[in-house]
Amino acid sequence: MVLKVESSNPQVVGISTTAASFVTVVIPPGSEDKPTVTLTRLIPATQEGNATIIVTRDPATTAVNYPVGSVNVLVPVKVLQKAPPTITVTPSTIEFLDNDIVGATKVVRVELAAPPIGGQVVLDVSGTPNPFGAGAPFTVSTSTLLFKEGSKGPQEFGVIRLTDGVFTGSITIKLNPSLTTASNFLTSDINFVIPVKSAVGSIQLEYEDSVDCTNNPGKLVIVNPKITIQGRVLRPLTFKAEPEPPPPAGFSFDRLTGAIRVQCPAPIGSTLLTLVTVTDSSSPPISAQARVNITVK
């Protein structure tokens with residue numbers, strides 16, 4: 001028994017590892033063998049196509065139980081488009097910590113998922129806000145990454161801190177289709193975004209709830225705020241009281257230090273109720289509030 005295995009579209013699907021348009025398969029008399037035939041994809045991963053594998057009786061067949069026309073098998077084959085390769089980026093987020101002063105650099109590694117075939121891959125590096133613009137809180141060491149044919153990297157670039165202030169933004173790594181010539185990346189949609197931020201500081205503000213005028217007659221008693229700072233907070237700090245003393249009589253407020261002064265003797269039992277807000281010099285500013293309730297004893 002001799003079978004002819006043929007591809008209806010040999011430009012898309014070839015027969016056997018030699019990618020022939022057809023092959024013949026010989027089955028000896030009385031054999032129960034189940035021969036196999038390999039199909040070979042002949043179009044790039046970025047394309048798709050169709051073919052039909054046709055199995056018929058070859059004229060060289062001598063088996064009497066397989067006359068002319070007894071074998072006619074059609075096997076449809078669909079060649080799917082593979083997803084184009086993408087990139088791997090490390091790290092996926094960037095945070096500048098308190099000890100990362102101006103000039104501190106975070107290194108970003110970029111690697112292609114597959115080596116470029118038949119040309120180069122070019123990736124553009126940009127960001128929000130524009131890392132090359134005036135007043136940007138951070139910049140990048142390059143605006144372009146070039147991967148030559150056969151090399152998937154990795155390649156590195158730096159993200160550099162330019163300000164002490166608190167900020168957020170992002171870096172974007174995007175395929176440049178005009179300069180990319182690698183056939184396996186022509187249909188890629190590479191657009192990777194890396195969030196960038198600085199560590200956000202915090203302030204806590206507290207006041208004592210009473211002053212002792214009984215044992216401090218005629219003295220000026222100062223209630224200083226207890227300020228707890230975590231992370232990066234920029235001085236000077238400014239303070240605001242709403243409403244600002246007085247009333248009651250004998251109380252005063254220092255906007256530079258946040259201190260509340262009580263001139264004794266103040267009326268025993270009198271109470272100062274106010275809301276104090278402290279703000280640092282960051283942009284945007286970091287602030288905290290404390291509800292003040294101080295009673296004269």
Side-chain angles (χ1 to χ4, degrees), residues 83-116 120-182 184-204 227-237 278-288:
T86 182
I87 60 175
T88 301
V89 179
T90 307
S92 57
T93 61
I94 294 175
E95 181 175 10
F96 289 96
L97 303 177
D98 297 334
N99 57 348
D100 291 325
I101 61 175
V102 171
T105 300
K106 302 293 184 180
V107 176
V108 178
R109 291 166 56 92
V110 181
E111 184 173 4
L112 303 181
Q120 66 185 14
V121 171
V122 178
L123 302 178
D124 290 335
V125 181
S126 60
T128 302
N130 180 3
F132 305 108
F138 58 86
T139 188
V140 291
S141 60
T142 183
S143 61
T144 304
L145 298 175
L146 172 63
F147 296 82
K148 295 183 179 180
E149 181 176 3
S151 174
K152 66 176 185 176
Q155 292 198 32
E156 298 181 347
F157 68 91
V159 181
I160 306 160
R161 182 172 194 160
L162 298 180
T163 179
D164 270 331
V166 177
F167 60 84
T168 60
S170 63
I171 298 294
T172 300
I173 303 171
K174 191 171 184 178
L175 183 75
N176 185 320
S178 300
L179 299 179
T180 295
T181 55
N184 56 331
F185 278 85
L186 292 180
T187 60
S188 293
D189 185 21
I190 296 174
N191 189 5
F192 195 96
V193 178
I194 309 172
V196 181
K197 66 178 181 179
S198 63
V200 178
S202 65
I203 306 173
Q204 291 183 328
I227 302 172
T228 303
I229 293 177
Q230 292 182 329
R232 182 177 292 272
V233 173
L234 296 185
R235 298 181 182 274
L237 304 178
V278 58
T279 303
D280 84 333
S281 299
S282 300
S283 180
I286 301 169
S287 63

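Hydrogens, waters and symmetry mates play no part in the numbers below; they use all other heavy atoms, side chains included.
Inter-residue side-chain proximity for I194 and K106 is flagged as unmet; no heavy-atom pair is nearer than 4.5 Å. Looking at L112 and F185, their side chains come closer than 4.5 Å, going by heavy atoms from C-beta outward. Residues V140 and F132 have side chains in contact (heavy-atom distance under 4.5 Å, counting atoms from C-beta outward).
Remark: the backbone N or O of A288 is not paired with any side-chain donor or acceptor of Q204 at under 3.5 angstrom. The main-chain N or O of V193 is never found under 3.5 Å from a side-chain atom of T172 such that the two would form a donor-acceptor pair. Here the side chain of S198 pairs a donor or acceptor atom with the backbone of F167 at under 3.5 angstrom.
Here CZ of F157 is found 9.5 Å from CG of L123. Values are rounded to the nearest 0.5 Å. Taken to the nearest 0.5 Å, the CD atom of Q155 stands 11.5 Å off from the CD1 atom of I87. Taking CD1 of I101 as the reference point, atom CZ of F96 lies at 12.0 Å (rounded to 0.5 Å). How far OG of S281 is from CG of L237: 7.0 Å, rounded to the nearest 0.5 Å.
Applying the side chain to side chain donor-acceptor pair (under 3.5 Å) rule to pairs touching residues 123-150 yields D124-N176, sequence neighbours excluded. Screening residues 155-168 for salt bridge (Lys or Arg N to Asp or Glu O under 4.0 Å), with sequence neighbours left out, gives R109-E156, D164-R232.
When all heavy atoms are compared, the tightest approach of S151 to P115 is N-CB, 4.2 Å. When every heavy atom of T279 is checked against every heavy atom of P285, the shortest pair comes out as CG2-CB, 3.4 Å. Between Q120 and L179, the shortest heavy-atom distance links the atoms NE2-O, 2.9 Å. Scanning all heavy atoms of the two residues, the minimum distance from A113 to P85 falls at CB-CB, 4.1 Å. When all heavy atoms of N184 and P84 are compared, the closest pair comes out as O-CB, 4.1 Å.
Results of the side chain to side chain contact (heavy atoms under 4.5 Å, CB included) test with L175 over D189, N191, T86, V121 single out V121 as the only residue that passes. For the pairing with V108, the side chain to side chain contact (heavy atoms under 4.5 Å, CB included) check across L145, V125, V159 returns one residue only, V159.
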